[in-house]
Amino acid sequence: MVVNIAIYTLTAFQILLKPAAPTASKAASLGCNNKPAFPELDFRSGARVEELNKLIQEFTKHDQREYDDQRALEIHTAKDFIFSMLGMVQKLDQKLPVANEYLLLSGGVREGVVDLDLDELNVYARGTDYDMDFTLLVPALKLHDRNQPVTLDMRHSALCHSWLSLRLFDEGTISKWKDCCTIVDHINGATNYFFSPTKVADWFYDSISIVLSEIQKKPQRGMPKVEKVEKNGTIISIILGVGSSRMLYDIVPVVSFKGWPAVAQSWLMENHFWDGKITEEEVISGFYLVPACSYKGKKDNEWRLSFARSEVQLKKCISSSLMQAYQACKAIIIKLLSRPKAISPYHLRSTMLWACDRLPANYLAQEDYAAHFLLGLIDDLQHCLVNKMCPNYFIPQCNMLEHLSEETVMLHARKLSSVRSDPAEHLRTAIEHVKAANRLTLELQRRGSTTTIPSPQSDGGDPNQPDDRLAKKLQQLVTENPGKSISVFINPDDVTRPHFRIDDKFF
């Protein structure tokens with residue numbers, strides 16, 4: 001927090017010259033007020049706080065877009081296509097659970113919605129490559145029905161990481177997945193199968209490619225155009241063209257657990273900003289293993305703990321002004337710290353969550369404090385770099401910057417110092433980037449404005465019939481439920497009727 005306190009004093013010389021100066025109360029009673037009306041300034045940069053607030057508001061206006069019915073229908077069509085594709089993947093070899101539960105997140109992996117490494121990802125730019133981006137966590141395995149605690153094998157891993165033995169599962173599951181495992185033979189002759197994130201990602205990409213090839217052999221009216229399918233490390237990125245929209249889906253194969261891991265148990269004992277706002281049961285409803293390894297870990301065996309479901313819940317408790325500052329700060333650092341890719345938006349998200357625990361709730365709720373929050377986030381991130389210390393919010397003993405070299409952290413710290421010295425200029429640059437992306441999107445929409453996109457299940461009938469209702473329903477789910485956990489249940493035998501769950505309510 002930056003506090004500017006103006007202190008006015010009279011020197012002894014002035015007092016001698018003006019012994020009869022009126023007291024403050026007397027001056028006030030006479031209507032005399034000589035206090036100059038200085039604007040509130042940021043001490044480090046000299047920027048006017050009011051100007052920074054206005055720039056953040058302008059960025060938010062251009063960054064947050066409202067969707068009309070046509071765009072909502074395009075979102076639904078793309079979502080329906082992705083879920084249909086996953087239903088067909090399940091039917092290929094029955095590896096995926098029949099009744100599966102996906103977590104759909106607004107924003108791609110590159111936006112830091114999940115703690116994954118970005119150095120293996122191809123660079124996609126909004127406006128140039130896509131208009132909207134989503135991350136979809138797809139459980140390859142799930143442990144939801146066990147009464148006893150799940151024991152993760154963390155003996156060979158760094159903090160926040162684990163190997164996963166298929167001994168936790170039945171023989172049928174082992175038989176299905178053993179070709180996606182690494183095998184370790186013990187001295188006693190027993191064989192242990194460890195679920196391999198790299199092999200699972202390879203299988204997932206190959207299966208998706210087979211399904212998409214089959215789908216494209218029999219195109220249906222209104223079906224999205226698959227513009228790109230790429231395997232980025234352990235993530236499958238699909239860009240769909242639907243009408244005048246291009247949508248990026250980063251699909252992540254995960255292992256899904258109910259409950260809470262023992263390694264993060266101590267975190268629950270501390271006081272947190274969300275206490276009393278949401279229940280502990282909502283926060284600890286589940287966690288994931290995502291396909292990412294530590295700096296020195298074995299890529300073929302090591303998974304990373306992810307608390308994406310919990311973060312969706314925590315987001316409900318974060319003020320709009322702090323979220324605006326976070327989004328603006330994220331846009332700045334994505335551009336500034338992209339090379340080398342040592343810092344990701346997820347690090348910024350973690351510093352924001354720590355700030356929520358550290359600072360009073362009534363302070364963070366101030367609507368006109370977005371500028372202070374932006375400057376504070378920059379300061380916090382720079383502090384993390386200088387000290388090479390960024391604790392994971394849920395497992396504080398895990399330092400997410402521990403593996404970086406001194407040269408790398410100081411390089412990024414100097415870059416952030418330049419932002420801190422002139423935040424207004426970097427905000428203007430971020431605004432220009434998002435406006436340019438929006439112009440590219442609008443230009444594409446103008447080119448395709450004469451074409452309306454029916455749903456794959458539509459026969460082009462009355463536009464006010466089911467597809468319009470589905471569009472409005474999706475618009476409610478995606479744009480009117482910020483911070484909520486949105487899950488989808490799919491029956492692979494009838495993928496045309498997905499069931500939505502927002503938190504614990506079904507639709």
For [X], which residues count as a salt bridge (charged side-chain N to carboxylate O under 4.0 Å, His left out) partner, sequence neighbours excluded?
X: Asp300; answer: none
X: Glu214; answer: Lys217
X: Asp202; answer: Lys231
X: Lys298; answer: none

For [X], enumerate each residue passing the side chain to side chain contact (heavy atoms under 4.5 Å, CB included) test, keeping only those at least two apart in sequence or located in another chain.
X: Asp129; value: Tyr124, Ala125, Lys228, Ile239
X: Asp133; value: Glu111, Tyr130, Leu248
X: Cys160; value: Asn392, Ile395, Cys398
X: Lys277; value: Cys317, Ala361

Can a salt bridge be assigned to the pair [X] and [Y] using a cut-off of 4.0 Å between side-chain N and carboxylate O?
X: Glu406; Y: Lys388; result: yes
X: Lys299; Y: Asp117; result: no
X: Asp63; Y: Lys330; result: no
X: Glu171; Y: Lys176; result: no

Going by the rule ring-ring contact (aromatic ring centres under 6.0 Å, His included), which residues pair with [X] if we only count those two or more places apart in sequence or in a different chain?
X: Trp163; answer: His156, Phe194
X: Phe373; answer: Tyr363
X: Trp203; answer: Trp177
X: Tyr249; answer: Phe134

Using 30° and 60° as the class limits, which term best fits the ring planes of Tyr102 and Phe83: parallel, tilted or perpendicular?
-> tilted

Should the ring pair Trp267 and Phe394 be called parallel, tilted or perpendicular, given that the plane angle runs from 0 to 90° and is split at 30 and 60?
-> tilted

Give a yes or no on this: more than 12 heavy atoms of other residues, nucleotides or ligands lie within 6.0 Å of atom NE2 of His403.
-> yes

